[in-house]
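Worksheet: one structure, shown below.
Reminder, nothing fancy here: chain letters follow the sequence lines and each chain counts from 1.
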Amino acid sequence: MSELRELYQQVILDHNRKPRNFGKLDGANRTAEGYNPLCGDQVRVYLDIEAGVIRDIRFEGSGCAISKAAASMMTASLKGKTIGEADQLFGRFHDMLTAAGNGGAAAELGKLAVFSGVCEFPSRIKCATLPWHTVRAALAGKDEPVSTE
Amino acid sequence: MITARDARAAAAPAAALWDVERIRKDFPALHQRVHGKPLVYLDNAATSQKPQAVIDALVAYYSLENSNVHRGVHLLSEKATQAYEEARVRVQRFLNAAEAREIVFVRGATEGINLVAASYGRTWIGAGDEVIISTIEHHSNIVPWQLLCEERGALLRVIPVDDAGELLLDEYARLLGARTKLVAVSHISNALGTVNPVKRMIEMAHRQGVPVLVDGAQAAPHLRVDVRELDCDFYVFSGHKALGPTGIGVLYGRAEWLERMPPYQGGGDMIASVTFEKTTYNALPYKFEAGTPHIAGVIGLGVALDYLSGLGLDRVAAHERELLTYGTATLQAAPGVRIIGTARDKASVLSFIVDGVHAHDVGTILDHAGIAVRAGHHCAMPVMRRFGVPATVRASLAFYNTREELDALGAGLREVREIFG
């Protein structure tokens, strides 16, 4: 598979076309906004947290296929997770995209492993991590928009 | 032995017919492969590639003449000073300015605008005064004026554009008033390619006694600029977009203004005498050139402008116009592509969106086909908002581009469709 096909896998294109958990979450008790000033990707995440568990999560915004699919698949994988588990997943996802020799991290990421091709495209890594940074900001209760810069 | 002077003199290309293959030979960076494909460089509005003559001039300067200007009694300093001041005269000729002292070397168009905002602005713009810019400015011709207006309690007024990306001159006429203290407008829009009718806009402003700054960052490498014909008060451009080195640019200022304006920065070279009680400033243009300047950059810029003049700006513009027509047709034939910016008078900038595909994804796929474009807001976020798009893909052409390269762009866009369906 070419690097490009590795990046734009069917799963990613599908989530880009039909993002899951897209739109505002009524009754959210945490929210944050993320912005990538370089390309204009913008995402807002909404979370409903109870007793340290992510009961529901949704997002809205606009951006490239990578950022949109990353947000869509992130919400799918975080629903029902504890905050501790979410942090752990973020760490693994981040390592897969940035650390050399990512095989180990990818193996533990399940469906999220489709993003492993992104590390071959340094200028696109921030597209994939933006929604995750935004969730972390929401969990930390930050009101200020998070920026990739 | 080749002297630095010889290296600079060898710059001018012989140009009888428009032989693009021969011209391309002058640009070493064009002859490389990226991702295994021949480079198709269509990001000229971001920065141009450099002819070998400019690269050689930098090497020759650092190898043979390197020393500080305007201060040494020794031979190298005299040579460096002479080369530096000769370059100023080359810039003067390039812009057809009346005098060499009207040419101030700065880091780029951005610094030129900031200089005028700080020096002219803080002197003549006060509370309740107005500065007029347009909707299609680069951030560098917006933010310095916002900072100034905030500081002085002045108001920023913005000329609107129509759906083609042309400025609405009736609205401009309405904005010009007794409180207007300056108009700052781009010669060519970097995001849309619109060539603004600056000559007419300057006439309109001057009828009300308002001076005009023209941001020529996108114009200098693409059309013949004549500051006296335009009758502008200030004109700025960046060297690196005009075949020159990065980190060097030009502020042209009408001598009557520059004479009356206070210095922008203090330091060496900009003074006539210094005591702790009083400092007397140097004459023009040195009053505005504090500290050791970017000597190599200035020399390289002089060579770059000679190269452009050797080609002939009118011929450059004619070739680029032909490429623009061909490129426009190529994009119109590509599935789901919409061009943003369709002004009647347009430079060789093709800003576009692909239906259902974000500009960033288009940029990545094109990059893998060896095609360098810009994807994003082009430092012109108000333009993106005006046209209701988050970002565009921008292919910006130069005289060394070819129809074959535009065909490659067309093929790259078909690949985008294949991947995204």
| Considering only heavy atoms, which portion of Met381(B) lies under 4.5 Å from any heavy atom of chain A: side chain, backbone, both, or neither? | side chain
| What part of His360(B) lies closer than 4.5 angstrom to a heavy atom of chain A: side chain, backbone, both or neither? | both
| message | Would you say CD of Glu150(B) has more than 12 non-hydrogen atoms from neighbouring residues, nucleotides or ligands within 6.0 angstrom? | response | no
| task | Step through the shown structure and confirm whether more than 12 heavy atoms of other residues, nucleotides or ligands are within 6.0 Å of CZ on Arg417(B). | result |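 Above 12, so yes.
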| message | Under 3.5 Å, is there a donor on one side chain and an acceptor on the other for Ser189(B) and Asn196(B)? | response | no
| said: Could you check whether Thr246(B) and His240(B), counting side-chain N and O atoms only, form a donor-acceptor pair closer than 3.5 Å? | reply: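 Judged by distance alone, the side chains do not pair up.
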| field | Among the listed options Ser67(A), Ser62(A), Gly63(A), the residue most often paired with chain B at heavy-atom distances under 4.5 Å | value |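 Looking at each of Ser67(A), Ser62(A), Gly63(A) in turn, Gly63(A) comes out on top.
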| query | For Ile66(A), is it the side chain, the backbone, both or neither that has a heavy atom under 4.5 Å from a heavy atom of chain B? | reply |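 Both backbone and side chain.
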